[in-house]
Amino acid sequence: MIELHHIWKQYQPPRWALSDVTFHVKRGDFYFITGPSGSGKTTLLKMILREIIPTQGQIIVDGKNVVRIHDHKIYKLRRTIGSVFQDFRLLFHKKVFENVAIVLRVIGVSRKEIRRRVFNALRIVNLHHKMWEYPSQLSYGEQQRLAIARAVVNNPKILLADEPTGNLDPELAFEIITLFKEINKQGATVIICTHDRDLIRHFGEKILFLYKGKLIRKEAL
Amino acid sequence: MIELHHIWKQYQPPRWALSDVTFHVKRGDFYFITGPSGSGKTTLLKMILREIIPTQGQIIVDGKNVVRIHDHKIYKLRRTIGSVFQDFRLLFHKKVFENVAIVLRVIGVSRKEIRRRVFNALRIVNLHHKMWEYPSQLSYGEQQRLAIARAVVNNPKILLADEPTGNLDPELAFEIITLFKEINKQGATVIICTHDRDLIRHFGEKILFLYKGKLIRKEAL
Amino acid sequence: MIIQKLKYFLKETLRNLWQYRIRNFFSITIICLSFLIFGVFLSLSNNLHYTAQQLSKSMMIIFFLEKNLPEDQRSLVEEKLKGSSLIETFQFISPEQALEEFQNNFPELRRIIENLRVNPFPSSFEATITEENISSSETLTFIQEMKEMKGVEDIQFNRDWVEKMQSLSRLAQAVGFFLGGILVLASFFIISSVIKLNVFARKEEIVILRFVGATNTFIRIPFLMEGTILGILGGLVSLLLIFFLIKFFPLYLGASLGVFNELINFRYLSLSQIIMLIAIGAFIGFSGSLSSLARFLKV
Amino acid sequence: MIIQKLKYFLKETLRNLWQYRIRNFFSITIICLSFLIFGVFLSLSNNLHYTAQQLSKSMMIIFFLEKNLPEDQRSLVEEKLKGSSLIETFQFISPEQALEEFQNNFPELRRIIENLRVNPFPSSFEATITEENISSSETLTFIQEMKEMKGVEDIQFNRDWVEKMQSLSRLAQAVGFFLGGILVLASFFIISSVIKLNVFARKEEIVILRFVGATNTFIRIPFLMEGTILGILGGLVSLLLIFFLIKFFPLYLGASLGVFNELINFRYLSLSQIIMLIAIGAFIGFSGSLSSLARFLKV
Ligand SMILES: Nc1ncnc2c1ncn2[C@@H]1O[C@H](COP(=O)(O)OP(=O)(O)OP(=O)(O)O)[C@@H](O)[C@H]1O
Ligand SMILES: Nc1ncnc2c1ncn2[C@@H]1O[C@H](COP(=O)(O)OP(=O)(O)OP(=O)(O)O)[C@@H](O)[C@H]1O
Ligand SMILES: [Mg+2]
Ligand SMILES: [Mg+2]
């Protein structure tokens, strides 16, 4: 499903954010990526979404070479991927409902269906009672949950989550990863970047360990 | 040092973000505040900084009634407090160095002294090699460390940290809290909001537990 | 499906206009004032055009007749004038009328006239030429023909005056194309800049929309509609302002301007100009949004 | 200490100007174009003023002398004119000169002159009045005195013409105060709006600065300096543009305008106007920043 072939990435000349990273994620896999701060986890996820382009190397997602996709065709790729980023990327001038609904609007889902699905997604992350507020009126953990709801609302084939539980209490964190696990069971490929050892210990089957841009361990517990 | 007397806070009519919260933090205390997402931790810290005003109740910081401070005098309060917030509040159009230096600039420290102190603060959080980059060129964990460096650079009398390790690996998180502990030993009052049970277990002496805006437990382990 | 999308875009646009109301308020202010400048210029140039028209209407040829010309010869000249398509109107002026007219037109020379013992003016025909023929060569040949006619002693074809008129109209044109051009260009640049600033301020939004899988079209439409609406609103408000200005400007001056009253009797913009102004607003808003969106539709 | 702070603020300001260069580019464009409109208006009004001055200089009184007036009586009149402080210059016109001048001034009436057997013009003195006295009452009493003098048959005091001049100057004033006022106000509003939009776009920064304990003054100074510099830069660029426009506008028209050439021979702004324009830019930039900062210095 996701193949990275000898990926190198350099933002600024002396340092390499990623060096020679190669791995395959098969359909239905559930991967954790971990590693110290600044080791290149976010860079990796952004590349899968083609937000940044590798300095060298090829990325194949769902059979397509991501690097070669035209600017105005990327939306096709991104519609198959649900993602939560560390900075949440919420639309602060839109209400909570609309922030989730936008994913369905862009693909033209009918209004009734939107209401149903958005409500479900918000209920799962326990935010349905704040549906008509603005993201700026949410606590930070609530904003993170909103980002999660948006990522899962369209049953994506691939789910990328970058530190999705960094602002949540352990109980909620467990619930969220359980949710991801369920989505995974329904066939989605999931990649989660996290620092939370408890979560990895509990849920981790396949773990990638990044250190200073290098993939130093691939584990299957 | 910090006294909250029967604090009530309502953002929007039906729900209370804080209800009847009363506690005293003495000079030199090291407090953890914990509680599920949305329980009012950030609200509490913001009140101490007088970013928001309680609907009811009084807050005394360092002998002064915070609620009564004039808009144009708040800077005096804020200069005695170093704080890290969940959204970091970095100046994205200023370099890393300048983001830390600003705290010293506003109080008119000499240039040489600024260079020395900023470098030290950045070295402690292991960011000195990125001193001349922009925050947008940092990873999320690095941004968090930048916010921490800024909070500690001026040896504040009070240190407030809201989830300061949410995006850091456990090793770094330990280092950071150790740093806070050292600052605390030098006389500063420290309040940390966190979800990280490991940290609380390891460092926690005094813990406040918030649940749905109510202070339900005060523990001294 | 399409109707649902259209409805969504419209709602979205209106919601955004409201969300960014402070910014939009200032943007519309800027747009409106730019259009005001443009509109005031349009109105002035309307006025100039009208005045120039009025002046060229009074362009005249005078056919001086021989002294004591018999009645039948005079009517021959009259027939000839009546028959020509170049002549719009003509009028017989007797020597007495000529003297009176002269006294009225040149009160400064009153003294000289009074010193005269005999009436020096011959009788004449004063003819006006249709506007489109004022500087045509046919007019010259016609005048040549008339000159050779019996009974016509001399023809006063005021070349000097025509030249002055032509200069004036050239001046008006120059001012129109150049100064006006500057004002108009300036207005347009201002409007388009403000629209661009609006889009820049919301680049995050564009990035997030692309992130959630929106097509470029989906992202563009509300921005384009907003730009267009801002342009149109700015135009409409400025039309209102211009209307009031034109209404109250003469009042402010009072009626004491005498001969120059006509010059400042501003005409409101014509319907086609109003439509043009609004269309321009829409166009600038649209194209300004479009061009500034381009750079953000890459990430 | 203070020097260090000043240095910091200056650096900070320049850094910010560079950081937000795209936004600032568009802001300066808008400011500059607004000033351009303002400047073109100033230049036009300079011109109008100059032309009006030129015209009123040629304001004349003609003292017609009696026919065949003896030499000594004529010199008495001359003495009297020479002695008056109201008279700027004067000139004796013989009947032959008068006839010639008339023929030059009114070529349309050439025919009539040719019909005359005798020269109807008397000899006269043409005097110009100093500008400040044109419509003073002293002039009227002086004229009254002259009228009663022996040898002076009549006085041509062109009231009508003076009235026209006064109307024109009133028109110029009205246009100046009203239309000009609109343009100027519009420019100012536009500039101040754009400065405000600039501050709005950076409200986060203000909040963060307050968060780290900056005083309001510390926050304000760079913003105020930036606003001021934007205003000044906009003003300077517009002055440059105006300079080129005024240089190339006449070239564009060619020298073919004849009598109207003087009208479009635009004068550049005077030094005091230049200083004023820049000062206004600085002021609007400053006050625009100041007023829009206020709302963010609360949290
Ligand atoms: N836009 C950028 N320009 C320059 N350098 C960058 C940029 N983004 C990231 N980097 C650098 O690349 C390295 C990897 O960054 P990345 O964000 O992938 O780390 P990460 O593993 O996600 O860290 P964290 O856990 O702190 O989020 C870091 O050293 C970072 O400073
Ligand atoms: N500006 C606001 N307007 C309205 N409601 C708000 C606002 N800020 C916070 N709230 C609400 O107040 C409650 C407490 O928020 P707060 O940010 O203090 O929670 P928290 O304990 O920091 O949570 P987290 O761990 O998720 O950051 C939440 O229910 C939140 O939705
Ligand atoms: Mg990261
Ligand atoms: Mg919080």
Side-chain angles (χ1 to χ4, degrees), chain A residues 11-12 14-15 17 34-46 85-88 90 92 125-127 129-130 132-146 148 162-173 175-176 193-198 200 209-211 213, chain B residues 11-12 14-15 17 34-46 85-88 90 92 125-127 129-130 132-146 148 162-173 175-176 193-198 200 209-211 213:
Chain A
Y11 287 105
Q12 265 154 350
R15 286 189 293 273
T34 188
S37 171
S39 56
K41 304 180 290 300
T42 303
T43 304
L44 211 66
L45 295 192
K46 280 189 180 165
F85 271 84
Q86 280 170 306
D87 50 359
F88 308 160
L90 303 175
F92 275 87
V125 298
N126 197 21
L127 263 186
H129 55 293
K130 307 231 165 174
W132 303 116
E133 295 185 11
Y134 286 99
S136 60
Q137 297 173 323
L138 300 182
S139 85
Y140 218 64
E142 287 164 348
Q143 289 182 17
Q144 188 156 41
R145 284 182 270 156
L146 172 53
I148 293 168
D162 195 359
E163 203 75 64
T165 60
N167 291 283
L168 302 178
D169 47 293
E171 288 75 24
L172 249 174
E175 275 176 40
I176 296 295
C193 297
T194 188
H195 294 300
D196 194 326
R197 299 269 159 87
D198 286 344
I200 296 179
F209 195 84
L210 275 177
Y211 184 74
Chain B
Y11 287 106
Q12 265 157 350
R15 285 189 292 271
T34 188
S37 170
S39 56
K41 303 179 295 296
T42 304
T43 304
L44 211 66
L45 296 191
K46 280 189 179 163
F85 270 83
Q86 280 169 308
D87 50 359
F88 309 160
L90 304 175
F92 275 87
V125 298
N126 197 20
L127 263 187
H129 56 291
K130 307 230 165 172
W132 304 116
E133 294 185 13
Y134 285 99
S136 60
Q137 296 172 324
L138 300 181
S139 85
Y140 217 63
E142 287 164 348
Q143 290 181 18
Q144 187 155 41
R145 285 182 269 157
L146 173 53
I148 292 170
D162 196 0
E163 203 73 65
T165 59
N167 292 281
L168 301 179
D169 47 293
E171 289 74 24
L172 250 174
E175 276 175 40
I176 295 296
C193 296
T194 187
H195 293 300
D196 195 327
R197 300 267 158 89
D198 287 344
I200 296 178
F209 196 85
L210 276 177
Y211 184 75

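Everything numeric here is computed off the predicted structure, so don't read it as measured data. The sequence lines fix the lettering, A, B, ..., with proteins before strands; numbering per chain opens at 1.
Side-chain contact check for A/Q12 versus B/E133: some heavy-atom pair is nearer than 4.5 Å.
Among the candidates A/A173, A/G141, A/P170, the residue making the largest number of heavy-atom pairs closer than 4.5 Å to chain B is A/P170. By number of non-hydrogen pairs under 4.5 angstrom with chain B, the leading residue of A/D87, A/T42, A/L172 is A/D87. Among the candidates B/G35, B/P36, B/A17, B/S39, the residue making the largest number of heavy-atom pairs closer than 4.5 Å to chain A is B/P36.
At distances below 3.5 Å, at least one donor-acceptor pair connects side-chain atoms of A/H195 with backbone N or O atoms of B/N167. A side-chain donor-acceptor contact under 3.5 Å links B/D169 to the backbone of A/S37.
Every ring-ring contact (aromatic ring centres under 6.0 Å, His included) that B/F88 has, sequence neighbours left out, goes to B/Y140.
Heavy-atom neighbours of A/Y211 OH from other residues, nucleotides or ligands within 6.0 Å: at or below the threshold of 12.
Only the side chain of A/Q137 comes within contact range of chain B, with at least one heavy atom under 4.5 Å from a heavy atom of that chain. Interface residue A/Q86: backbone and side-chain heavy atoms are both found under 4.5 Å from chain B.
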request  = Check the pair B/K130 / A/R15 against side chain to side chain contact (heavy atoms under 4.5 Å, CB included), numbers first and verdict last.
outcome  = CA-CA 11 Å; B/K130 307 230 165 172; A/R15 286 189 293 273; 3.7 Å; yes

